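Take a look at the structure below.
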Amino acid sequence: MPLIFHWGGPRHGQVDDVPDEAVLSSVLVYDGPQYLGVYERSTPPQMHDTPQGPAEVWVVRE
């Protein structure tokens with residue numbers, strides 16, 4: 001499972017393991033009970049060092 005670092009929005013700074021199939025799309029959509037959010041890969045793609053390991057940066061889509 002890839003690690004995702006969230007930049008901006010309701011999940012700013014959070015790191016999550018996401019299923020491989022989730023990152024095949026150009027967006028991640030969260031519609032949980034606590035927040036709504038749509039994130040996309042940063043352009044150009046970036047990595048961020050986290051305590052859990054290197055994570056790909058995805059930014060909130062406004």
Side-chain angles (χ1 to χ4, degrees):
M1 281 194 201
L3 278 177
I4 300 298
F5 179 82
H6 299 85
W7 186 264
R11 298 179 62 89
H12 180 74
Q14 293 181 9
V15 177
D16 289 312
D17 286 316
V18 296
D20 292 329
E21 355 13 285
V23 296
L24 294 177
S25 172
S26 60
V27 295
L28 292 172
V29 178
Y30 295 97
D31 60 356
Q34 296 177 353
Y35 51 80
L36 298 174
V38 178
Y39 288 82
E40 58 192 356
R41 281 190 166 101
S42 63
T43 305
Q46 299 176 24
M47 297 298 286
H48 183 76
D49 289 328
T50 72
Q52 295 95 325
E56 184 176 7
V57 176
W58 286 59
V59 296
V60 71
R61 184 183 225 183
E62 299 286 337

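Along the sequence shown, residues are numbered consecutively beginning with 1. Values in this document were obtained by computation on a predicted structure and should not be read as measured data.
In plain terms, the two heavy atoms of Pro2 and Val23 that are nearest each other are CG-CG2, 3.8 Å.
Among residues two or more places apart in sequence or in another chain, the side chain to side chain donor-acceptor pair (under 3.5 Å) test is passed with Glu40 by Arg61.
Val27 forms part of a hydrophobic cluster together with Val29, Val38, judged by ILVMFWY side-chain heavy-atom separations under 4.5 Å. Under a 4.5 Å side-chain heavy-atom criterion applied to ILVMFWY residues, the cluster that includes Leu24 comprises that residue alone.
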Show every donor-acceptor pair shorter than 3.5 Å between a side-chain atom in residues 51-58 and any protein atom, with sequence neighbours excluded, or say none if there are none.
residue	atom	partner	partner atom	Å
Gln52	OE1	Thr50	OG1	3.4
Glu56	OE2	Arg41	NE	2.6

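If you chain together hydrophobic residues whose side chains sit under 4.5 Å apart, Val59 and Leu3 fall into the same group. Val18 and Tyr39 fall within a single hydrophobic cluster, where Ile, Leu, Val, Met, Phe, Trp and Tyr side chains are chained together by heavy-atom contacts under 4.5 Å.
Pairs of residues two or more places apart, or lying in two chains, never qualify as salt bridge (Lys or Arg N to Asp or Glu O under 4.0 Å) while including a residue from residues 20-29. Residue pairs meeting the salt bridge (Lys or Arg N to Asp or Glu O under 4.0 Å) criterion with at least one partner in residues 46-55, sequence neighbours excluded, are absent. Here ring pair (Phe, Tyr, Trp, His ring centres under 6.0 Å) pairs that include residues 7-28, with residues two or more places apart or in two chains, are Trp7-His12.
Using a 4.5 Å heavy-atom cutoff, the side chains of Val15 and Ile4 are not in contact.
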